[in-house]
A.B. asks: 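I'd like to ask some things about the structure below.
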Amino acid sequence: MEVTSNTKERDISLAEIEKRVFHYDPHANLTLLSHAYHFSASAHEGQTRQSGEPFLHHPMEVALILTQLKLPLPSIIAGLLHDVLEDTPVTRDQLAAEFGEDVTTLVEGVTKIGQIEFRSLEEKQAENFRKMIVSVAQDVRILLIKLADRLHNMRTLHALSEDKQKRIAQETMEIYAPLANRLGIGWMKAELEDYAFRYLKPDIYHTLIKKSAVGRKERDDYIRSVINEIKKALEENNLAGKVYGRTKNIVGVYQKMIRRGIPFEEVYDLMGIRIITDTRTNCYAILGLIHSLWAPVPDRFRDFIALPKSNLYQSLHTTVAAIDGQHVEIQIRTEEMHRVAEEGIAAHWVYKEGTRFSQKDEKAFAWLRQLIEWQQEIVDTRQFMDSVKTDLFSDLVYVFTPKGDVKELMRGATPIDFAYAIHTAVGNHCVGAKVDGKIVPLGYTLKNGDRIEILTLESHFPSRSWLKLAKTPKAKTKIKYFIRIQERERSLEIGKELLERELKRGRLIPKEVFKSDAIQKIIESLGLHTLEELFIGIGYGKFSAATVIRPLLPEPLIKDGASKGTPNKEAEKGGLKIKGLGDIMMHISKCCNPVPGEPIIGFITRGRGISVHSVHCPNKDNFDYDHDRLVELTWESGAGTSHSVEILVHTIDQPGVLAAVTTVISQANANISRAEVITTAEKKATLQFWIVIRNASHLEQVLNNIEKVEGVLKARRVRKRSVPGEDR
Ligand code: MN
């Protein structure tokens, strides 16, 4: 490594970090810490911050802040390395090899949070962002490292452009300061707020700073004399205790001015006093002593020791009319209580903001109460911090719309759920999705922070298979509703057509039959009420059209249908002709879905007629053991019925390909009944279509045309291999 003028400074900082870590954890592996320092230094070599100082200063400062929270070594190391994945060529694998999974996971988490971009200023959005960041963090330590990162960035914000200052300050005020508060790190919250305020409302900030400077000496002198009186009283009464003056942060003062509608000059308690003693009993002894010195202000005494908040915060609060009757707030606590309040385990926020949360939030924050219970069992707080992997908000994921709005969905949700969360029409026409610019399958499980773009096609509609992909009740309901309506319509259409065709074959006029009493009788005999219900019943396959109209036909037709009507009645069965067999129930098998024109074979099923397979059916081997149930089949020439087949189109992932392919398909007179974008590969996409074609040569023509589209690599037909015996 090149020796620069900064080397000396860096060494000092490393020594400082080492000293601090050693102080609270004498067993920490300082060699590893030093290794992390050199690794980070070498990775960031040559980089500078906006302010011109070497970049390395930043991770060093972040690590230093983390030592203030007395975090265990892996977190300090992660602090030193927190920007290497984002800003240097160092890879995840390298990091894992050098420092292990734990540190790597922390760095990754911090990097991921850094990529979440806060955009909206709406209150609810801010809340969602906070939740999302917390859930992305998964581990409290990630959150703490991120907060330390933000704190140092705020301390050095002056180096950035005004635009960036405002944006980052806004984000800090709305997202990070409340997070610090919720984690119970009061000092960090106060510092983040004051820095943010300085850039968001510079005029007010500087005015308040100026005003607080006026009379500061008097205030300092005053507090000092109060402190001295307390110290003297403690000594006289043989009570141990350290007494400190405590300055309120600017934002706190400003909020008080707003809340009470008073000018700065009337905010008296700009400073307070904190007394830290050894035992709980002494807290009360000192309280009694203070109250014997000065009269307490009524209704300002709080005993959070006897009645600790569920967030672990413990302290005695009282306000007294001290020297000259000035109101001074005094907090009394033990060392241990103080440590809890300072280092954040206390999660102060539950107490402070508890009432402002909805019930749902209460539930979401139940982890914290759990955490507190565990903590009471685990003596070592450091160990506790390490062991806790918060499973906060485990039932929710937070994702972005392309515009940056946050959507909250249940965990396991897919792009289909997201599409329906946007709008029913977006859901109904959804054909694919991109996450962070890359195409993902519709069954993809959304992750926190994903930015999702839904691809839609006007001509596309939901299919039954979506019910498996959708996870949210909303999406499922919408899909089911759509399918029900669609199936009903389709069945009605098919049923009507089948019935009409059957009637025409019997030389009857459908229009007249539909109006007749005879058909009404048939309807009633089937337990139905309307003609529509009859159509739907036939369309669904509940009744056969031929059976239904039998009572309407003259006798001879029933006995010998083939002698009248169309020359080949087999033609009515999907254009199939069967060698040596009469009119038998037949269906095209789903496993290979043969189309007219290609060689086929029939398999006699038990009770369901003949299933028609392609001779290339992937399940063909399964038929061999039942050889005598195979029958030869040929297509009726000129068979014109339509068949739906599945095709896959492999393309380069570029804008417009989907549209171009669908256009080509439509131009070839092949309707698209379903379409999906299903792939994940780099820069490539696979489009899946179900198209309705006339016959094998029509299909071939469509595939050829698709392959001519620019960006298309290959287009092919797909036959599914089904479970043996399932569809035969
Ligand atoms: Mn950073």
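These numbers come from a predicted model, not from an experiment. Counting starts at 1 for both ligands and their atoms, following the listed order.
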A.B. asks: Relative to each other, are the rings of Y205 and F197 parallel, tilted or perpendicular (30° and 60° limits)?
C.D. replies: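 Rings of Y205 and F197: perpendicular, as their planes differ by over 60°.
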
A.B. asks: Using a distance-only test with no angle check, is there a side-chain donor-acceptor pair under 3.5 angstrom linking E98 and Q94?
C.D. replies: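 No.
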
A.B. asks: Can you confirm whether more than 12 heavy atoms, excluding those of H23, are under 6.0 Å from its NE2 atom?
C.D. replies: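 At most 12 heavy atoms, drawn from other residues, nucleotides or ligands, come within 6.0 Å of this atom.
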
A.B. asks: Which atoms of the protein, restricted to N, O or S, are nearer than 2.8 Å to the Mn ion (ligand 1)?
C.D. replies: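 As for protein N, O or S atoms lying under 2.8 Å from the Mn ion (ligand 1), they are H58 NE2, H82 NE2, D83 OD2, D149 OD1.
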
A.B. asks: Tell me the closest heavy-atom pair linking C430 and L442, and the distance in Å.
C.D. replies: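 Taking every non-hydrogen atom into account, SG-CD2, 3.6 Å.
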
A.B. asks: Give me each pair satisfying salt bridge (Lys or Arg N to Asp or Glu O under 4.0 Å) with a member in residues 196-213, each pair once, sequence neighbours excluded.
C.D. replies: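 Residue pairs passing salt bridge (Lys or Arg N to Asp or Glu O under 4.0 Å), neighbours aside: K211-E265.
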
A.B. asks: Here's one to test your reading of the geometry: is the NZ or CZ of R274 within 45 degrees of the ring axis of Y244 and under 6.0 Å from its centre?
C.D. replies: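 Ring-cation test returns no.
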
